[in-house]
Amino acid sequence: MQIEFIEAGVTHEGRVALHPLTLTLTGRRVGVIGLNGSGKTTFARLINGLTQPTTGAVAVNGRDTVSETQAVMADAGFVFQSPQNQIILPILQDDIELGLKARGVAKAEIAERAQEALARLGIAHLARRRSHELSGGELQLAALAAVLATCPSLVILDEPTNQLDLKNRRRVADTIAALDEDVIIISHDLSILGGFERVLLFHEGRLAGDGAPEDVIVRYEAMNR
Ligand SMILES: Nc1ncnc2c1ncn2[C@@H]1O[C@H](COP(=O)(O)OP(=O)(O)OP(=O)(O)O)[C@@H](O)[C@H]1O
């Protein structure tokens with residue numbers, strides 16, 4: 001996966017969410033940290049075309065996120081901060097199947113693909129459960145399963161553990177660590193970033209740190225003392 005930010009920035013009604021940024025990402029595991037409102041989600045949404053740059057450009061594997069949004073979205077799956085906003089149908093399997101149908105997956109393959117994705121995360125038993133009855137951790141895993149079912153080569157996760165108890169944090173963290181897919185993860189839970197190759201630190205809409213997790217986390221902690 002090659003992600004290029006070329007002077008890419010975002011302004012909302014005159015307020016800067018992300019200052020123009022030039023950056024190349026190639027790693028398998030990239031963490032994104034920073035204070036609330038520092039631009040992390042804006043940065044992550046730019047990668048799969050959910051947000052379009054108001055200046056500059058972003059390309060994923062050579063594809064521009066504005067002119068080739070559909071292809072970019074197929075390559076880069078996005079797991080939202082609140083799984084409640086992502087899983088919308090009452091029955092989990094139906095929800096995952098709907099996502100596959102929307103992506104044009106052949107009808108004969110849909111049920112099997114959904115079941116495979118649930119089984120991969122160890123939650124096959126939840127397939128027919130009512131999504132509003134699932135625990136926070138189960139729902140978080142379900143949201144990840146729904147994205148993995150679409151076979152992206154990159155998975156972007158926006159604070160996937162922030163509402164979870166210790167057990168479910170470990171469950172989600174272990175699941176993410178074991179993924180074959182490339183991962184970009186926004187997290188306030190710094191312990192999740194231990195084995196990562198690279199961590200980006202955002203501060204007030206600018207990149208304020210970029211390097212190995214231990215170095216960038218020390219810098220982040222020093223900035224907030
Ligand atoms: N659609 C929008 N309209 C107006 N302002 C926005 C919009 N999206 C983001 N912003 C603003 O841009 C800034 C960066 O927001 P962003 O969501 O990227 O921060 P964040 O680092 O992900 O924060 P958090 O840790 O709280 O999720 C914030 O000041 C936010 O209010």
Side-chain angles (χ1 to χ4, degrees), residues 3-25 27 29-60 65-66 69 72-73 76-88 136-137 139-141 143-144 147 152 154-165 168-169 172-173 176 182-194 196 198-211 213 215-225:
I3 299 161
E4 297 261 16
F5 278 65
I6 307 135
E7 285 295 303
V10 176
T11 301
H12 296 287
E13 290 146 21
R15 278 209 330 263
V16 176
L18 189 72
H19 290 275
L21 174 66
T22 296
L23 179 78
T24 302
L25 291 178
R29 293 285 183 272
V30 177
V32 181
I33 62 174
L35 298 178
N36 294 133
S38 56
K40 304 181 298 296
T41 298
T42 305
F43 170 78
R45 288 173 63 96
L46 280 169
I47 296 171
N48 83 331
L50 275 169
T51 293
Q52 298 193 343
T54 48
T55 56
V58 179
V60 177
T65 58
V66 176
T69 314
V72 168
M73 283 187 170
F78 198 101
V79 182
F80 288 88
Q81 198 167 343
S82 304
Q84 293 82 352
N85 294 342
Q86 193 172 324
I87 306 288
I88 45 175
L139 206 51
Q140 194 77 66
L141 286 168
L144 179 55
V147 168
L154 167 69
V155 185
I156 304 165
L157 300 112
D158 193 352
E159 299 182 27
T161 60
N162 67 339
Q163 290 173 45
L164 307 183
D165 65 23
N168 276 322
R169 267 182 200 210
V172 170
I176 292 166
D182 291 349
V183 171
I184 295 178
I185 180 169
I186 300 175
S187 187
H188 292 293
D189 176 8
L190 304 180
S191 65
I192 215 174
L193 306 174
F196 277 43
R198 187 172 176 186
V199 171
L200 306 176
L201 166 64
F202 283 89
H203 186 70
E204 296 179 352
R206 295 180 201 276
L207 189 64
D210 178 358
D215 301 335
V216 179
I217 289 170
V218 165
R219 182 174 165 79
Y220 182 42
E221 284 168 349
M223 279 167 68
N224 292 294
R225 230 168 244 143

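Counting starts at 1 for both ligands and their atoms, following the listed order.
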S.K.: Does Lys40 approach ligand 1 within less than 4.0 angstrom via side chain, backbone, both or neither, non-hydrogen atoms only?
M.R.: both

S.K.: Please indicate, with yes or no, if any protein heavy atom is found under 4.0 Å from atom 30 (C) of ligand 1?
M.R.: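 No, no protein heavy atom sits under 4.0 Å from atom 30 (C) of ligand 1.
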
S.K.: Check Asp210, Asp215, Asp182 against Arg198 for a salt bridge (Lys or Arg N to Asp or Glu O under 4.0 Å) and give me the one that passes.
M.R.: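 Between Arg198 and the candidates, salt bridge (Lys or Arg N to Asp or Glu O under 4.0 Å) is satisfied uniquely by Asp210.
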
S.K.: Examine distances only and state if a side-chain atom of Ser187 and a backbone atom of Asp189 form a donor-acceptor pair shorter than 3.5 Å.
M.R.: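 It does hold such a pair.
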
S.K.: Taking a cutoff of less than 4.0 Å between a non-hydrogen atom of the residue and any ligand atom, is Arg45 in contact with ligand 1?
M.R.: no

S.K.: Which ligand 1 atoms does Leu35 reach within 4.0 Å, using its non-hydrogen atoms?
M.R.: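 Atoms satisfying the 4.0 Å criterion: 21 (O).
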
S.K.: Considering only heavy atoms, which of Thr51, Ile33, Thr42, Asp158 lies nearest to atom 15 (O) of ligand 1?
M.R.: Thr42

S.K.: Considering only heavy atoms of His188, which atoms of ligand 1 have at least one such atom less than 4.0 Å away?
M.R.: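 Near His188, meaning under 4.0 Å from one of its heavy atoms, ligand 1 has 25 (O).
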
S.K.: When you compare the side chains of Arg45 and Thr51, does any donor N or O come within less than 3.5 Å of an acceptor on the partner?
M.R.: yes

S.K.: Tell me which protein heavy atom sits closest to atom 17 (O) of ligand 1, plus the residue, atom name and distance to 0.1 Å.
M.R.: Thr41 CB, 3.6 Å

S.K.: Gly39 to ligand 1: N or O pair under 3.5 Å?
M.R.: yes

S.K.: Which of the numbered atoms in ligand 1 are below 4.0 angstrom from a heavy atom of Ser38?
M.R.: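 Counting atoms of ligand 1 from 1, those under 4.0 Å from Ser38 are 19 (O), 20 (P), 21 (O).
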
S.K.: Less than 4.0 Å is my threshold; does some heavy atom of Glu159 fall inside it relative to ligand 1?
M.R.: yes

S.K.: What protein heavy atom sits nearest atom 6 (C) of ligand 1, and how far off is it?
M.R.: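 Result: His12 CD2, 3.2 Å.
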
S.K.: Is it true that, when you exclude Arg206 itself, more than 12 heavy atoms of the residues, nucleotides or ligands shown sit nearer than 6.0 Å to its CZ?
M.R.: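 It does not: Arg206 CZ has 12 such atoms or fewer within range.
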
S.K.: If I apply the N/O under 3.5 Å rule, does Gly37 come out as touching ligand 1?
M.R.: yes

S.K.: Just which atoms of ligand 1 are under 4.0 Å from any heavy atom in Asn36?
M.R.: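 Under 4.0 Å from Asn36, ligand 1 has these atoms: 23 (O), 24 (P), 25 (O), 26 (O).
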
